[in-house]
Amino acid sequence: DQQVKQNSPSLSVQEGRISILNCDYTNSMFDYFLWYKKYPAEGPTFLISISSIKDKNEDGRFTVFLNKSAKHLSLHIVPSQPGDSAVYFCAASVAGTYKYIFGTGTRLKVLA
Amino acid sequence: NAGVTQTPKFQVLKTGQSMTLQCAQDMNHEYMSWYRQDPGMGLRLIHYSVGAGITDQGEVPNGYNVSRSTTEDFPLRLLSAAPSQTSVYFCASSYSGTLWTGELFFGEGSRLTVL
C-alpha cells in the first residue's frame with residue numbers, strides 16, 4: 001500500500017511559467033513533509049519542507065502548500081527555469097520516528 | 001566537509017555472493033539510514049540508526065544487515081545477494097533529537113547489479 005503517492009510520473013513546463021507538482025498521502029499521522037530534488041547520477045537534495053501546523057511555506061521560487069483535510073501537498077516553482085529539470089520526490093514522516101516515506105517521484109522538464 | 005560518502009559507486013555481484021556497502025558522514029549526525037531506489041517505487045527505507053549501537057528496520061529490511069559501531073559509519077551488508085537486490089542504494093543522515101530539522105542529507109548512491 002503506497003502511503004505517499006505522486007500520480008504524475010512526468011511534467012513539462014515552459015521556462016518562466018509555473019510548475020505545480022502534486023503529492024497525496026493516506027496516513028493521517030504524518031505531520032512533516034519534505035520535497036527533494038534529484039539529478040541523474042546524484043543523490044537527492046533537500047528543497048523545502050512543511051510542518052502540519054502550517055498550510056504554506058515559501059523559500060524563494062519554491063512554495064509548498066499543505067491541505068490536511070484532503071491529505072494533499074503541492075510544490076509550486078515560479079518562475080520555472082531549465083535548471084529545475086530533475087526528478088522531484090515528496091516525503092512524509094511522523095516527527096520523532098525518523099521514518100520517511102517517499103513518493104515515486106515526478107520528472108519535471110522545463111523547456112527553454 | 002565531505003558530507004555523506006558512499007563506496008563503492010558501482011558493483012556487480014553474482015547471486016549468493018556477499019558484500020558491504022560503506023557509508024560515512026562527517027557532520028556528526030546521530031541519524032543514519034539506507035534507502036534503495038527502484039524504477040516506479042521511489043525511495044524505500046531499508047534500515048536506520050539513531051545513534052551508535054542502535055539500529056532498526058525500515059520498510060524493506062529482508063536480506064540486509066546493518067550495524068553502527070561509530071557515529072560516522074553505517075555499513076550495509078548483503079549476506080547472500082539475489083537479483084531482486086539489484087538497485088541503487090542511497091545512504092542518508094540527519095540531525096536528531098532537539099537538533100532535528102527533518103532534512104536528510106544523501107550520498108551520491110551506489111549502483112548494485114546482481115547477476
Query - Top of A:P44, A:G43, A:G105 for chain B proximity - count of heavy-atom pairs under 4.5 angstrom - result: A:P44
Query raised in the report: What residue in B:S94, B:G109, B:S96 has the most heavy-atom pairs under 4.5 Å with chain A?
Result: B:S96
Query - Under 4.5 Å from a heavy atom of chain A, the part of B:E30 involved - result: neither
Report task. Determine the minimum heavy-atom distance between B:A52 and B:T70, stating which atoms define it. Result -> CB-C, 4.2 Å
Query raised in the report: Contact part of A:T106 toward chain B, heavy-atom cut-off under 4.5 Å: side chain, backbone, both or neither?
Result: neither
**Report entry** chain B contact via A:Y98 - which portion, at a heavy-atom distance below 4.5 Å
**Finding:** both
Query raised in the report: At a heavy-atom separation under 4.5 Å, does A:Y36 approach chain B through its side chain, its backbone, both, or neither?
Result: side chain
Query raised in the report: Taking NZ, NE, NH1 and NH2 as the nitrogens, is one of them in A:R17 or A:E15 under 4.0 Å from a carboxylate oxygen of the other?
Result: no
Query raised in the report: Does any heavy atom of chain A fall under 4.5 Å from the side chain of B:L45, the backbone, both, or neither of them?
Result: side chain
Query - Side-chain donor/acceptor of B:Q25 to backbone N/O of B:T71, under 3.5 Å - result: yes
Query raised in the report: So, A:Y100 versus B:Y35, ring centres under 6.0 angstrom or not?
Result: no
Requested in this report: State plainly whether the residues A:D84 and A:R61 are in salt-bridge range, i.e. N to O under 4.0 Å.
Outcome: yes
Query - Whether A:S80 side chain and A:V110 backbone form a donor-acceptor pair below 3.5 Å - result: no
Query raised in the report: Given a strict heavy-atom distance threshold of 4.5 Å, which part of A:A91 is in contact with chain B: side chain, backbone, both, or neither?
Result: neither
Query raised in the report: Salt bridge check: are B:D38 and B:R44 linked by an N-O gap of less than 4.0 Å?
Result: yes
Query - Side chain / backbone / both / neither for B:Q37 at chain A, heavy atoms under 4.5 Å - result: side chain
